[in-house]
Amino acid sequence: MSKQESRQGHHHPRSLSGPALRTKAIESLLVEKGLLASDAIDRVVEIYENEVGPLNGAKVVARAWCDPEYKRRLLRDGTSAIAELGFGGMQGEHMVVVENTPRVHNVICCTLCSCYPWPILGLPPAWYKSLAYRSRIVREPRAVLHEFGLDLPDSVEIRVWDSSAEIRYMVLPQRPPGSAKLSEAQLASLVTRDALVGVGLVKLP
Amino acid sequence: MSKQESRQGHHHPRSLSGPALRTKAIESLLVEKGLLASDAIDRVVEIYENEVGPLNGAKVVARAWCDPEYKRRLLRDGTSAIAELGFGGMQGEHMVVVENTPRVHNVICCTLCSCYPWPILGLPPAWYKSLAYRSRIVREPRAVLHEFGLDLPDSVEIRVWDSSAEIRYMVLPQRPPGSAKLSEAQLASLVTRDALVGVGLVKLP
Amino acid sequence: MNGVHDVGGMDGFGRIEYEANEPVFHEPWERRVFGMALTGAGVPPKSLDALRHELERLDPLQYLSSSYYERWLARIENAAIEAGLLSRDEIADRIKLFTTDPEQPVPRLEDPERTRQIAHALRTGRPTLRRVRHKPRFAIGDKIITRNLNPRGHTRLPRYARGKRGVIVAHHGAHVFPDSNAHGLGENPQHLYTVRISARQLWGDTAQVKAHVHLDLWESYLEPDKA
Amino acid sequence: MNGVHDVGGMDGFGRIEYEANEPVFHEPWERRVFGMALTGAGVPPKSLDALRHELERLDPLQYLSSSYYERWLARIENAAIEAGLLSRDEIADRIKLFTTDPEQPVPRLEDPERTRQIAHALRTGRPTLRRVRHKPRFAIGDKIITRNLNPRGHTRLPRYARGKRGVIVAHHGAHVFPDSNAHGLGENPQHLYTVRISARQLWGDTAQVKAHVHLDLWESYLEPDKA
């Protein structure tokens, strides 16, 4: 990253924005004072850019669809069941999985900041962190879901989960009809981040 | 005012701020389209800059201090009693006067915008319109009054009046001790805007 | 609407900055903005309620970052543009003109008759008291609970005072109802009351001692408190 | 604190802007800010609660006008300055240097042991569950009313959910209490519950049909609902 930045600095020296310059200044001062480890930053970024993301959650969902016993464990104790697949850690210490059904649709948010289950979804997208989503999802969830293309009938109960403590939520979406013959890996490839947050459905391609 | 502005424009042409330039642009366009009367603007500004201000409220207070019958009428029907002295109109259509006593201290505000009794106090000062005053006076009136130099004992009840409708409030401050010999005009000269809002007391010089 | 304008009880806005001997206006342009607003330059708002709602509807960031008269200026500009009287390009061009040629004066249009009318209107005001047939639902001394209203549009029931118990301390007759009037949906006058709510009721344990807040609230904002 | 961060239920923030195939980071500097925050560069916050409160305490205008990582950057800068590790002048000088000499690289400090530690810490996380002796006050199915708390400091009871009736739907054991922990006043673990509140209860007549909001709330945020 440092390399990229200085390369960018070389080719487009004038194009660094305010926060980019400020970041560069603070990072360089902290390094000079021995207060940070450059390689630790590189590693942390690498983890969330390349190793941890919504594919983890997708694997959890696919396993639950294929293994009723696993699903039972997942809904009873999300943290342990997710750990079975090797996922866990920061911002996923206490996981609760909420199940969508024909009668109930779940959607997660964090109105006070932007809490999000990192180990199984990665870092949150900008819209999840936006003031628009944070302010509106608890007040007019149907209108928000409509903007995401989800028009749920009034007979479906909407359950919004505002992550006000260290419990982190993930939605277990409904398995799409016609997917009986797909393998677990094929199913996992259908599960999107949006479905795991509850602003999308899982569909066959 | 127009003259002042163009004079300023002449001497310090580069110093016009963003809103000043924008105001000049909009005013000139609206004039060209026949949508406003320059002399009406001049007149309105003149009224609130020179003719209407807290001296009006001060006269009402001094009269109330000197004439118990007037005070009785003022507290019963503020609008009519204030009209007796020739004051009234826009933003003072429905006046209520609230009396300070040794046991009760009143203070006025408008949390939702900046409503203020124009005919007897003139236009509000910047601090009254500030987010700081609007947000804090209803929540921690004693702390706010302390910042204004008013330390009221806990035995004094604080009454905050949030002008959420078209009723406008004015505080009738306590007459200062030792003022028995002063004339009504002398008394009026002691009454400050702050005392009429409730963030100050009337004191002898 | 639950907008950023509704700041009662919020933290974070810092100390109150007091200016001794403050002038009525700090800048010449503020005079012109105030005058344009009061003389209904461009598009006069249909009502004071509509005007307040237009100010509330400014972008939250713009609302917080603007001074009082900057908000008024933005409202005048937005209203004139929405009404098709001015265009953004036209305003930008004129700003450019005044930037490059600052000696260009603002043209004048004299209208003594309109000036007299406006001065007269300021003297008479716009009373909102109305005669209605229906009797008031509440009397002085009645205990009430304010409703938990969250309308999309204009309202004068602040967030901090919703769902709170109080006492009626005054009845002001029936007044124009802002929640409909701001939207051009009629004056629908309702009985208006002053409600006294204790600081303890409003803020809980962190309330300051012996303090009450009074608000003027319309009848439909209130329910009888049967507890 | 009743800060601008507490936006649940507010109007005026517009539509949700969705970006298809959004990258994890949009700008290279965001990577460095994220990394500095997670590795505790400069001043590691005493806790996640303290970190959240530092973000909430940003100037309201700065909070609203900043992007997510701009807020994090501001927090890192403020914390380092408050701790006396950096000075504003020093930062300004360095910005000037990088502006005039953009080819100056950021120096590097390698610390493989610390890197391993941090990667390990991310894998283990920081659970907030604690063993306590006191029994939970509430059971699943209990009706509660959320308290009208307005603390000056950090809290995780949003304004929109105060003074509202709900039902306990889950008990999570005792967790670190943010309202004290954010201020370095101890973990004071309390029983934590998921509370289900109807949209109707939260928003009144304008609520959307058949919707519920769930929040995770500590025991001292709740009172039994005896109504």
Side-chain angles (χ1 to χ4, degrees), chain B residues 1-2 4-6 8-10 13 19-32 35-41 43-45 47-49 89-90 93 111-113 123 125-127 129-135 138-142 147 154 157-162 164-167, chain C residues 5-10 13-18 22 24 28-29 31-33 35-36 38-39 41-42 52 68 70 73 77 86 90-91 94-95 98 102-103 105-111 114-115 118-119 122-125 127-128 156 158 172 175 192 203 208-216:
Chain B
M1 297 308 110
S2 256
Q4 278 197 10
E5 276 216 334
S6 54
Q8 190 193 44
H10 187 77
L21 260 176
R22 186 164 295 269
T23 302
K24 194 176 170 188
I26 289 169
E27 182 179 352
S28 74
L29 287 165
L30 290 174
V31 163
E32 284 171 16
L35 292 166
L36 65 73
S38 312
D39 47 349
I41 294 182
R43 179 73 192 113
V44 164
V45 168
I47 289 171
Y48 291 100
E49 222 167 20
M90 187 81 82
E93 294 91 345
T111 61
L112 292 172
C113 42
L123 301 184
W127 61 259
K129 299 180 283 188
S130 71
L131 297 168
Y133 184 74
R134 287 166 53 190
S135 61
V138 291
R139 172 100 178 276
E140 45 176 9
R142 288 180 191 275
E147 285 182 31
D154 284 358
E157 183 200 335
I158 311 278
R159 293 185 185 163
V160 181
W161 302 82
D162 188 358
S164 49
E166 298 304 332
I167 314 298
Chain C
H5 70 284
D6 188 355
V7 293
M10 286 192 66
F13 292 114
R15 286 177 66 89
I16 296 155
E17 285 174 39
Y18 187 88
E22 184 177 335
V24 175
W29 67 266
R31 292 189 180 92
R32 307 312 290 171
V33 167
M36 284 195 275
L38 258 76
T39 59
R52 289 199 186 104
Y68 183 73
E70 281 172 348
L73 173 62
E77 179 175 356
L86 299 179
E90 197 173 29
I91 296 166
R94 187 57 58 101
I95 287 172
F98 283 134
E103 299 192 28
V106 174
R108 285 186 65 88
L109 184 68
E110 310 287 336
D111 190 340
R114 179 137 182 71
T115 299
I118 285 168
L122 291 181
R123 283 289 303 150
T124 52
T128 53
R156 295 294 285 180
H172 300 285
H175 282 252
L192 179 73
W203 314 114
Q208 297 199 317
V209 297
K210 231 180 160 178
H212 291 86
V213 177
H214 300 74
L215 299 101
D216 296 319

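Note that CG of B/L29 and CG of C/L86 are 5.5 Å apart. Values are rounded to the nearest 0.5 Å. Atom CZ of C/R32 and atom OG of B/S38 lie 6.5 Å apart (nearest 0.5 Å). To the nearest 0.5 Å, atom NZ of residue B/K129 and atom OH of residue C/Y68 are 5.5 Å apart.
Both the backbone and the side chain of C/I16 come within less than 4.5 Å of a heavy atom in chain B. Heavy-atom distances place both the backbone and the side chain of C/E77 under 4.5 Å from chain B. Within the 4.5 angstrom heavy-atom criterion, only side-chain atoms of C/L192, from C-beta onward, approach chain B. In this structure, the portion of C/E17 lying under 4.5 Å from any heavy atom of chain B is its backbone and not its side chain. Both the backbone and the side chain of C/H5 come within contact range of chain B, each with at least one heavy atom under 4.5 Å from a heavy atom of that chain. Both the backbone and the side chain of C/R123 come within less than 4.5 Å of a heavy atom of chain B. Heavy atoms closer than 4.5 Å to chain B are found in the side chain of C/V24, but not in its backbone. The contact between B/I47 and chain C is made entirely by side chain atoms (from C-beta outward), counting heavy-atom distances below 4.5 Å. Within the 4.5 angstrom heavy-atom criterion, atoms from both the backbone and the side chain of C/H212 approach chain B.
Most heavy-atom pairs under 4.5 Å with chain B: of the set C/L73, C/I91, C/D6, this distinction falls to C/L73. For the set B/V160, B/L35, B/L36, B/T111, the count of heavy-atom pairs under 4.5 angstrom toward chain C peaks at B/V160. Among the candidates C/T128, C/L122, C/I118, the residue making the largest number of heavy-atom pairs closer than 4.5 Å to chain B is C/L122. The choice from B/R22, B/R43, B/E32 that makes the most heavy-atom pairs within less than 4.5 Å of chain C is B/R22. Ranked by non-hydrogen atom pairs under 4.5 Å with chain B, the options C/M36, C/H175, C/E70, C/R114 are led by C/M36.
Inter-residue side-chain proximity for C/W29 and B/L21 is flagged as unmet; no heavy-atom pair is nearer than 4.5 Å. Between C/T124 and B/E93 the shortest side-chain heavy-atom distance does not fall below 4.5 Å. Proximity of B/R134 to C/M10: side-chain heavy atoms (C-beta onward) are nowhere separated by under 4.5 Å. The closest side-chain heavy-atom distance from B/V31 to C/R108 is not below 4.5 Å. Side-chain contact between B/R139 and C/V213 is absent, with no heavy-atom pair separated by less than 4.5 Å. Contact of the C/Y18 side chain with the B/E147 side chain is not registered, since no non-hydrogen atoms from C-beta on lie closer than 4.5 Å. Side-chain atoms of C/F98 and B/S28, non-hydrogen and from C-beta on, do get closer than 4.5 Å to each other. Within the 4.5 Å cutoff, no side-chain heavy atoms of C/Q208 are placed close to those of B/I158.
Looking at every heavy atom in both residues, B/A40 comes nearest to C/T115 through N-OG1, 3.1 Å.
C/W203 contributes a side-chain N or O that, together with a main-chain N or O of B/V138, makes up a donor-acceptor pair within less than 3.5 Å. Checked by atom type and distance alone, the side chain of B/K24 pairs as donor or acceptor with a backbone atom of C/P102 at under 3.5 Å. No donor-acceptor pair under 3.5 Å is formed between the side chain of C/R94 and the backbone N or O of B/A25. A donor-acceptor contact shorter than 3.5 Å links the side chain of B/D39 to the backbone of C/D111.
Of the candidates C/V33, C/L38, C/T39, C/T39 is the only one forming a side-chain contact (heavy atoms from CB on, under 4.5 Å) with B/I41.
Electrostatic pairing of C/R52 and B/E166 counts as a salt bridge here, judged by a charged N lying under 4.0 Å from a carboxylate O. Between B/E157 and C/K210 there is no salt bridge, since none of the side-chain N atoms of the basic residue sits less than 4.0 Å from a carboxylate O of the acidic one.
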After noting the C-alpha distance and the side-chain angles of B/S164 and C/D216, does the key distance pass the side-chain hydrogen bond (donor to acceptor under 3.5 Å, both in side chains) rule? CA-CA 5 Å; B/S164 49; C/D216 296 319; 5.0 Å; no
